[in-house]
There are 2 protein chains.
Amino acid sequence: MEQYKEYLQSKGISPSYQRLKILEYLDLHRTHPTVDEIYTALLPHIPTLSKTTVYNTLSLFVQEGLATMLVLDNVEARFDITVHPHGHFTCTQCGKVYDIDVTPFVHIPNTIDGHTIQYYQIALKGICKDCASH
Amino acid sequence: MEQYKEYLQSKGISPSYQRLKILEYLDLHRTHPTVDEIYTALLPHIPTLSKTTVYNTLSLFVQEGLATMLVLDNVEARFDITVHPHGHFTCTQCGKVYDIDVTPFVHIPNTIDGHTIQYYQIALKGICKDCASH
DNA sequence: ATCATTGCAAACACTTTGCATACGC
DNA sequence: GCGTATGCAAAGTGTTTGCAATGAT
């Protein structure tokens with residue numbers, strides 16, 4: 001908990017209990033959680049928590065670079081604590097999302113067609129290992 | 001118009017006027033249009049058109065492989081007539097979306113970590129040529 | 001006459017906004 | 001005490017659903 005507090009402060013974000021818990025959740029659950037998943041998971045620990053706070057906090061984190069908003073479908077936004085760039089594979093059968101290390105397959109330059117690339121996301125779709133074997 | 005009719009029939013889709021016009025729009029406007037853009041553009045030509053029909057038709061096209069649903073943000077879905085795979089660059093300043101040929105930079109195998117990859121999308125973000133020069 | 005397509009209106013689901021309350025230095 | 005963070009409720013936005021009207025063969 002203490003390391004999260006220092007991390008937030010180092011980014012100029014005042015470390016409220018809600019923010020600490022949301023950051024901790026993102027760090028401990030690298031499962032591309034939705035707002036609702038985070039909210040539901042933390043509610044027992046923070047009974048007064050509101051979804052607005054989860055939304056506020058996540059957009060603050062994204063803005064400050066602590067988290068990344070993933071674009072995997074147009075239904076619900078998903079969030080990752082910011083780590084090295086990686087792809088996301090969504091199984092079209094079971095809907096599970098897997099992290100994929102795409103660095104062996106992708107080498108995006110800093111500039112393409114005169115546009116400056118700041119970051120990118122790769123969304124892969126198909127049938128996952130588990131579904132294929134059933 | 002005749003070529004669209006034949007194309008739909010070859011896919012087993014009955015070529016209603018609405019479907020023909022939506023397909024034509026996708027073919028002539030390769031600008032990743034949203035449902036609303038398609039609807040608004042066609043309304044003068046089909047005054048009775050409803051958004052439901054645009055939604056219905058697009059999901060039929062996606063299902064039959066005639067179009068692709070893009071996921072560029074978590075706000076609105078965008079659609080492309082199905083062509084060779086390419087990336088999409090969104091300018092974070094002006095919001096414009098550019099097609100990017102990523103084939104030189106990306107080589108995704110058919111299988112990764114045991115998962116079967118059917119298709120993928122690459123969403124790039126940054127500052128576009130135009131915005132950089134202003 | 002039958003079946004598919006269309007289109008209105010209502011329902012839905014996720015997200016944002018407005019504003020009053022509570023918290024922390 | 002004052003500025004920020006929180007959280008409820010309401011509004012907003014994109015999408016889907018139910019169902020009746022229309023159209024095509």
Side-chain angles (χ1 to χ4, degrees), chain A residues 1 4-6 8-9 11-25 32-64 66-79 90 95 97, chain B residues 4-5 8-9 11-25 32-64 66-79 90 95 97:
Chain A
M1 207 68 178
Y4 299 125
K5 192 168 168 181
E6 281 166 18
L8 287 180
Q9 283 170 333
K11 296 281 184 172
I13 299 171
S14 53
S16 74
Y17 186 64
Q18 285 85 337
R19 287 171 178 172
L20 283 168
K21 286 309 241 180
I22 292 170
L23 177 60
E24 181 189 52
Y25 186 89
H32 336 286
T34 63
V35 167
D36 197 65
E37 282 166 6
I38 299 170
Y39 170 74
T40 307
L42 294 182
L43 196 55
H45 306 94
I46 319 173
T48 63
L49 184 64
S50 94
K51 258 186 200 174
T52 304
T53 298
V54 181
Y55 276 108
N56 286 342
T57 302
L58 287 172
S59 60
L60 177 69
F61 284 1
V62 168
Q63 188 182 308
E64 299 300 327
L66 283 68
T68 306
M69 183 191 283
L70 307 180
V71 199
L72 301 180
D73 55 56
N74 277 74
V75 184
E76 271 176 300
R78 291 176 170 276
F79 295 84
T90 308
V97 179
Chain B
Y4 299 125
K5 192 169 170 180
L8 286 179
Q9 283 171 333
K11 295 282 184 172
I13 299 171
S14 55
S16 74
Y17 186 65
Q18 286 85 338
R19 287 170 179 172
L20 282 169
K21 286 310 239 181
I22 291 171
L23 178 60
E24 181 188 54
Y25 186 88
H32 337 285
T34 63
V35 167
D36 197 66
E37 281 166 8
I38 299 170
Y39 171 75
T40 306
L42 293 182
L43 197 55
H45 305 93
I46 319 172
T48 64
L49 184 64
S50 93
K51 258 186 200 175
T52 305
T53 300
V54 181
Y55 277 107
N56 286 343
T57 302
L58 287 171
S59 60
L60 177 69
F61 285 180
V62 168
Q63 188 182 308
E64 299 301 326
L66 282 70
T68 305
M69 183 191 283
L70 307 180
V71 196
L72 302 181
D73 55 56
N74 278 73
V75 184
E76 272 177 299
R78 292 175 171 275
F79 295 85
T90 308
V97 179

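What you are looking at is a predicted structure, and each value in this text was computed from that prediction instead of being measured. Throughout, protein chains are lettered first and strands after them, A, B, ... in sequence-line order, and every chain is numbered starting at 1.
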Asks: Write down the atom of A:Pro15, the atom of A:Leu8, and the distance for their closest heavy-atom approach.
Replies: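 Heavy-atom minimum between the residues: CA-CD1, 3.8 Å.
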
Asks: Classify the nucleic acid contact of B:Thr52 as base, sugar-phosphate or nothing, counting any heavy atom under 4.0 Å across all strands shown.
Replies: base

Asks: Does a nitrogen or oxygen in the side chain of B:Ser50 sit under 4.0 Å from OP1 or OP2 of C:dC8?
Replies: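 Checking B:Ser50 against C:dC8: no side-chain N or O falls below 4.0 Å of OP1 or OP2.
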
Asks: Keeping B:Arg78 on the side-chain end and B:Leu70 on the backbone end, is there a donor-acceptor pair under 3.5 Å?
Replies: no

Asks: Have a look at B:Thr34 and say if it touches a base, only the backbone sugar-phosphate, or nothing, with a 4.0 Å heavy-atom cut-off.
Replies: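 Since no nucleic acid heavy atom lies under 4.0 Å of B:Thr34, the category is nothing.
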
Asks: Indicate whether OP1 or OP2 belonging to C:dG7 is found under 4.0 Å from a side-chain N or O atom of B:Gln18.
Replies: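 B:Gln18 to C:dG7 OP1/OP2: side-chain N or O found under 4.0 Å.
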
Asks: So does A:Ser16 get a side-chain nitrogen or oxygen closer than 4.0 Å to the phosphate oxygens (OP1/OP2) of D:dT6?
Replies: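 Yes, such a contact exists.
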
Asks: Rounding to an integer number of Å, can you tell me how far A:Glu76 CD sits from C:dC12 C1'?
Replies: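 So the CD-C1' distance, A:Glu76 to C:dC12, works out to 13 Å.
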
Asks: Starting at atom CD of B:Gln9, determine the distance to atom C1' of D:dA24, rounded to an integer number of angstrom.
Replies: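 In whole Å, D:dA24 C1' lies 13 Å from B:Gln9 CD.
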
Asks: Closer than 3.5 angstrom, by distance alone: can the side chain of A:Thr57 be matched with the main-chain N or O of A:Val54 as a donor-acceptor pair?
Replies: no

Asks: Using whole Å, report how far NZ of B:Lys21 lies from C1' of C:dT5.
Replies: 18 Å

Asks: When you check the phosphate oxygens OP1 and OP2 of C:dT5, does a side-chain N or O of B:Ser14 lie under 4.0 Å from one of them?
Replies: yes

Asks: Could you state the CG-P distance from B:Asp73 to D:dT15, rounded to the nearest angstrom?
Replies: 10 Å

Asks: If we ignore hydrogens and angles and just use 3.5 Å, is the side chain of A:Asn74 paired with the main-chain N or O of B:Asp73 as donor and acceptor?
Replies: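 Confirmed, A:Asn74 side chain pairs with B:Asp73 backbone.
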
Asks: Between D:dT16 and B:Tyr55, is there an OP1 or OP2 to side-chain N/O distance shorter than 4.0 Å?
Replies: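 Answer no for this pair, as no side-chain N or O of B:Tyr55 is under 4.0 Å from OP1 or OP2.
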
Asks: Between atom CD1 in B:Ile46 and atom C1' in D:dT22, what is the gap in whole Å?
Replies: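 After rounding, the gap between these two atoms is 15 Å.
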
Asks: What nucleotide, of D:dG7, D:dA5, C:dG7, holds the atom closest to the side chain of B:Thr53?
Replies: C:dG7

Asks: Using whole Å, what does the distance between atom P of nucleotide C:dG18 and atom CG of A:Asn56 come to?
Replies: 13 Å

Asks: For the pair B:Thr53 (side chain) and B:Leu49 (backbone), establish whether a donor and an acceptor sit closer than 3.5 Å, ignoring hydrogens and angles.
Replies: no

Asks: In whole angstrom, what separates A:Arg78's CZ from C:dC14's C1'?
Replies: 13 Å

Asks: Heavy-atom nearest nucleotide on DNA chain C for A:Val35 versus B:Thr57: which residue maps closer to 5'?
Replies: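 Taking each residue's closest nucleotide, the earlier one in sequence belongs to B:Thr57.
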
Asks: Whole angstroms only, please: what is the NZ-P distance between A:Lys51 and C:dA13?
Replies: 11 Å

